[in-house]
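What follows is one structure encoded as structure tokens, with my remarks underneath.
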Amino acid sequence: MIKRIPVTALRVGMYITDLNNDWIPHNTRNRRGFLRNDATIAKIQQMGVAYVYIDTERGLDSQDAEPVSDVDRRNQSQLEQAAALKPTQPRQLSLAEEIVVAQQIHGEAQGLVSSAMQDVKLGRAIDLSSINVLAESLQQSVLRNANALSCLGRIREKDNYLMEHSVNLSVLMSLFGKAMGFPHEVLHQTIVGALLHDIGKILTPAAVLNKPGKLSAAEFEIMKQHARHSRDILMATDGIGELTVMTAAQHHERMDGSGYPFGLAGEEISVYGRMVAIADVYDAITADRVYHKGLTPTQGLKKLLEWSGDHLDASLVHRFIRCLGIYPVGSLVLLESGRLGVVIETNDSDQRLPVVRVMYHTRFNAAIPLEIIDLARPGNQDRIVQAVDPETYRIDIRKFLT
């Protein structure tokens with residue numbers, strides 16, 4: 001049986017199935033194996049993780065262990081509590097109306113982030129005016145209908161992770177800041193900070209940045225410097241806002257002080273730093289990487305809840321979940337009718353009833369004609385049973401988002 005235990009309860013003879021440390025970016029350490037000595041346990045305890053998962057059928061059990069089913073049940077309950085928070089502002093346009101504009105913004109954003117990195121590499125100043133115009137366009141798109149950019153954020157390729165991650169993070173921060181009620185200028189600066197948060201990676205050696213295998217301790221230290229580099233690059237950019245620098249500089253700081261580059265803890269981290277840390281972790285763990293299979297959106301939200309308090313601001317995690325929905329755009333859900341559908345629009349009034357595009361029937365194990373269903377529509381009797389992993393049915397959700 002898979003169980004979760006505090007790292008303080010680890011003993012030689014246990015079998016680890018998951019170090020539960022995907023919140024540590026760029027981590028490529030082996031996540032499973034038999035504990036053979038106290039030195040290995042000490043290394044795990046020094047990593048900053050609070051809990052790990054063990055397999056009691058392959059190693060020793062512990063009186064402090066909690067079955068993974070209980071952990072998941074508690075996380076699901078917290079998801080539903082987060083969904084009950086006050087809804088955000090209603091959207092202004094339909095998804096069909098906004099998606100065309102959003103596609104243009106999304107493509108332009110990736111190009112501008114790439115250009116900014118190239119400018120830094122060649123010793124040129126970042127074209128901040130173009131970035132500012134883009135941030136304004138992105139902010140307005142989210143205000144009109146955030147689902148459009150959210151759909152595009154789930155259509156991603158492993159080979160273009162750096163650019164897509166920067167754009168996705170700016171979208172998430174725009175959603176988050178809108179839900180927090182930030183004034184226009186504050187929201188603008190945090191969006192720019194999210195767009196440029198990884199600009200410092202242009203100074204990270206390619207051999208480290210693009211390494212598909214396990215990073216050595218020395219390589220990980222080099223990788224961690226990118227956050228400091230981002231801060232320094234942005235501080236040297238004329239016209240940059242203070243909150244923009246703060247957002248980029250603090251995206252890897254953690255509540256317990258285990259983050260970097262400055263090891264800030266708790267209230268030492270600005271609210272913008274605590275917000276961007278949540279959004280950054282969520283986007284990273286739900287993305288497919290060379291060394292990491294992305295979690296589903298709902299799995300990602302549950303992990304945020306699990307890491308709340310120790311690493312992430314618990315109150316802000318709940319606010320983040322409320323603005324994304326318990327079934328975020330891009331989630332594959334199983335309906336009571338047996339049909340599978342991809343969530344293409346959330347429902348601010350009742351998060352249990354999003355708009356889905358159905359394409360498969362599990363009872364017949366066959367594709368069905370595409371149909372868009374608003375689960376909140378009067379007369380509709382279908383409901384979501386649960387979110388499911390697309391891998392289970394070999395469904396590529398990217399084909400059904402737009």
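We use all heavy atoms of the structure for the numbers below, so side chains are in, but hydrogens, waters and symmetry mates are not.
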>> For Leu162, is there any backbone N or O sitting under 3.5 Å from a side-chain donor or acceptor partner on His165?
In response: no
> So, Asp389 side chain and Thr296 main chain: donor-acceptor pair closer than 3.5 Å or not?
Replying inline: no
>> Quick check against the 3.5 Å criterion: does His251 have a side-chain atom that pairs as donor or acceptor with the backbone of Thr247?
In response: no
> Does Asp198 use its side chain to pair, donor to acceptor, with the backbone of Lys201 at less than 3.5 Å?
Replying inline: no
>> Could you report the tightest heavy-atom contact between Leu234 and Ala248, atom names first, then the distance?
In response: CD1-CB, 3.5 Å
>> With a 4.0 Å cut-off on N to O distance, would you call Asp256 and Arg254 a salt bridge?
In response: no
> Within the side chain of Thr346, is there an N or O that forms a donor-acceptor pair under 3.5 Å with the backbone of Pro354?
Replying inline: no
>> Using a strict threshold of under 4.0 Å (side-chain N to carboxylate O), is an ion pair present between Lys399 and Asp396?
In response: no
> Where is the tightest heavy-atom contact between Leu401 and Val342, given as atom of each residue plus distance?
Replying inline: CD2-CG1, 3.5 Å
>> Among Thr237, Ile240, Val192, exactly one meets side-chain contact (heavy atoms from CB on, under 4.5 Å) together with Ile131. Which residue is that?
In response: Val192
> Got a sec, which pairs hit side chain to side chain donor-acceptor pair (under 3.5 Å) with one end in residues 51-67, sequence neighbours left out?
Replying inline: Lys3-Asp61, Tyr15-Arg58, Tyr53-Glu306, Glu66-Arg74
> Taking atom types as modelled, is there a side-chain donor on Gln225 or Glu221 under 3.5 Å from an acceptor on the other?
Replying inline: no
> Given Ser69 and Arg73, is the side-chain contact (heavy atoms from CB on, under 4.5 Å) satisfied, shown in steps?
Replying inline: CA-CA 6 Å; Ser69 57; Arg73 191 178 301 112; 4.3 Å; yes
> For Val101, does its backbone N or O pair with a side-chain atom of Gln104 as donor and acceptor, under 3.5 Å?
Replying inline: no
> Can a donor-acceptor pair be found between the side chains of Glu98 and Ser141 at a distance below 3.5 Å?
Replying inline: yes
> Which pair of heavy atoms, one from Ala277 and one from Glu253, lies closest together, and at what distance?
Replying inline: CB-O, 3.9 Å
> For the residue pair His361 and Phe364, does the interplanar ring angle fall in the parallel (under 30°), tilted (30 to 60°) or perpendicular (over 60°) class?
Replying inline: tilted
> How far does CD1 of Ile278 sit from CE of Met255, to the nearest 0.5 angstrom?
Replying inline: 8.5 Å
> Quick check: does any side chain N or O of Arg228 sit under 3.5 Å from a backbone N or O of Gly200, one acting as donor and the other as acceptor?
Replying inline: no
>> Among residues at least two apart in sequence or on other chains, which ones pass side-chain contact (heavy atoms from CB on, under 4.5 Å) with Glu371?
In response: Arg339, Val358, Ile373
>> Quick check against the 3.5 Å criterion: does Asp119 have a side-chain atom that pairs as donor or acceptor with the backbone of Arg124?
In response: no
> Is the Tyr282 to Phe176 ring centre distance short of 6.0 Å?
Replying inline: no
> Taking atom CG of Leu209 and atom CG of Leu203, what is their separation to the nearest 0.5 Å?
Replying inline: 11.0 Å
>> Between Ser230 and His226 (side chain of the first, backbone of the second, donor and acceptor by atom type, cut-off under 3.5 Å), is there such a pair?
In response: yes
>> Under a plain distance cut-off of 3.5 Å, with no hydrogens placed, do Asn37 and Thr40 share a side-chain donor-acceptor pair?
In response: yes
